[in-house]
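Heavy-atom basis, side chains included; hydrogens, waters and symmetry copies ignored. Lettering of chains follows the sequences in order, A, B, ..., and the numbering in each one begins at 1. Quantities reported herein were computed from a predicted structural model and do not represent experimental measurements.
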Protein chains: 2
Amino acid sequence: MLKHADHPDHPDHPDHPDTNRPDNEGTGRRAGLDHADIIEGALALVEAGGPAALTMRKLATELGVSTTTIYWHAGGRDDIVTSVIKLMSQRLAHTPVDGTLAPDRVMSAARHVWESALAHPEVTSLAHQHRSTSLLELDLEIVLARELAAAGLGGESARNALRAILISVGGFLVLALRDESAINDEHTSHALWAGVDDPGIDPSTIESLTHPVDLHALFETTVRAVVDHYVPAQESRS
Amino acid sequence: MLKHADHPDHPDHPDHPDTNRPDNEGTGRRAGLDHADIIEGALALVEAGGPAALTMRKLATELGVSTTTIYWHAGGRDDIVTSVIKLMSQRLAHTPVDGTLAPDRVMSAARHVWESALAHPEVTSLAHQHRSTSLLELDLEIVLARELAAAGLGGESARNALRAILISVGGFLVLALRDESAINDEHTSHALWAGVDDPGIDPSTIESLTHPVDLHALFETTVRAVVDHYVPAQESRS
DNA sequence: ACCTGAACACCGTTCAAGT
DNA sequence: ACCTGAACACCGTTCAAGT
């Protein structure tokens, strides 16, 4: 599938992106383009204009290079997207978890996933479209798993707790990112409820549903409910 | 493929699609194409090949018509997508809610959202891409709201419960639909965990995380936890 | 080893023109 | 009122060819 021959470097995950530029004056190189440069440029495009702005041609002109050069260095759009996500993944700050009780610490880890995604909405959308959110979040997932382990969960019960929590966070992210790009949306849920008239629902409730929710507050109580359901309340080590 | 006729304007929202057929033999018409025919054809394309298969040109050749005819009758791709979602929305069966206790009935309504989405994964994906899931689900949302009202919730507390439940269901749907089209995905969460080695997590837990979850079982317990957190446990009126 | 231009097979959308 | 072909401005990707 990937057929840009034998390229010596071209690493799968650039562990620390090379920012130093080895000077290649006098060699056959013309543009002196690096894999890392391309991914950085791609990331810039995404952060500036969303996933749709990441175009082979835009990226090429941005870098002052022809489209096909991109293919040689970094593969097709799919490969580039994967690399962008990996790059962002390692840039996600590993803020330490806080709290002393196990559920507090697990909640804190879950909040890290939520907040780091909100800090980079465009890349998160890109990852979501590319079906590789967990590639973006893996390090945060590991932090969460550690807290679950410290809380005394293991094996299947740890797995179920982890997945349930991440799925809940994911649900909130979908909505948060949808509202982010809400210039056009006239069929959001609260907009649609404005046209509802149902005898089984009292008017004050319908009125309430007409307004958007405070997502952050709802996140706290809902994800907390999920955490409390899966994580026993005794104290945690560490 | 039914040939309908005389659709004077192309309405923005066909509230109930005209199925009656005024005959127009002898007019200048060639194809006798109807708005409803187009939307039906679009729906067929989506269900057969997913959201990406819904293409103006494919739809046109499918209907034996030129691309521009589609525009005349039904507008651009965006309008067609909206119409497809509205069509599917009214086709979603209103299975009656069961259970006698309030949380059971609310849970049953939530399950309807989940199951009717799973029954039409491609259209659900389309709605999700188009950021109009709630357009697809509105009737099911109303059913859920009725049960919350019957459970004694109103105003903001009803709204919070409704949103929290729908967000949780949405999180599960994202994952379920992602796994649906999992021919390529080598960076799903459980695939990525195969490469993790962390001293803070015991090996049996990591091993567990290597395998996919039983989403249906996890749905039941997790959404139930959310429902129980928001819905008081006293009995509900019918 | 690195980079290019041209070309292919697609998109959505518009518009002058036909009947 | 209805339908068409041609054209525009985009896509991702491939490939022979240059240095």
Under the 3.5 Å Watson-Crick or G-U criterion, the dot-bracket string of DNA chain C, with | for inter-strand pairs | ||.|||||...|||||.||

Residue whose closest nucleotide on DNA chain D lies nearer the 5' end, B:T67 versus A:T68 | B:T67

Qualifying salt bridge (charged side-chain N to carboxylate O under 4.0 Å, His left out) pairs, either residue in residues 53-62 of chain A, two or more places apart = none

Figure out the NE2/C1' separation between A:H35 and C:dC2, and round it to whole Å.
-> 16 Å

Salt-bridged, B:R91 to B:E40, with N to O below 4.0 Å?
-> yes

The side chain of B:S66 lies closest to which of these nucleotides: C:dC3, D:dT4, C:dT13?
-> D:dT4

Which parts of residues 53-61 of chain B get close to DNA chain C, meaning a heavy atom less than 4.0 angstrom away?
-> B:L54, B:T55, B:M56, B:R57, B:K58

Please identify each residue that fulfils ring pair (Phe, Tyr, Trp, His ring centres under 6.0 Å) with B:H211, with sequence neighbours left out.
-> none

Using ring pair (Phe, Tyr, Trp, His ring centres under 6.0 Å) as the criterion, list what pairs up with A:H112, not counting sequence neighbours.
-> none

Hey, does the side chain of B:H73 come within less than 4.0 Å of D:dC3's phosphate (OP1/OP2), counting only N and O?
-> yes

Take atom CG of A:D37 and atom P of C:dC2, then tell me their distance rounded to the nearest Å.
-> 13 Å

List in chain and number order the residues that pass side chain to side chain contact (heavy atoms under 4.5 Å, CB included) with A:A164, two or more places apart in sequence or in another chain; answer none if no residue qualifies.
-> A:V226, A:Y230, B:L218, B:T222

To the nearest Å, how far apart are A:R77 CZ and D:dC10 C1'?
-> 14 Å

Atom OH of B:Y71 and atom P of D:dC2 are separated, to the nearest Å, by 19 Å

Atom pair distance, as rounded to whole Å: CG in A:D78 and C1' in D:dT13 | 12 Å

Separation of C:dG12 atom P from B:I70 atom CD1, nearest Å, is 11 Å

Mind checking whether A:H128 and B:H128 have parallel, tilted or perpendicular rings, split at 30° and 60°?
-> tilted

Salt bridge (charged side-chain N to carboxylate O under 4.0 Å, His left out): pairs with one or both residues in residues 109-122 of chain A, sequence neighbours excluded = A:R111-A:E220

B:H120: what forms a ring pair (Phe, Tyr, Trp, His ring centres under 6.0 Å) with it, not counting sequence neighbours?
-> none

Whole angstrom is fine here: how far is it from CG in A:L45 over to C1' in D:dG12?
-> 15 Å

Atom-pair distance (CD1 on A:I38; C1' on C:dC2), nearest Å | 12 Å

Pairing residues for B:H94 by the ring pair (Phe, Tyr, Trp, His ring centres under 6.0 Å) criterion, not counting sequence neighbours | none

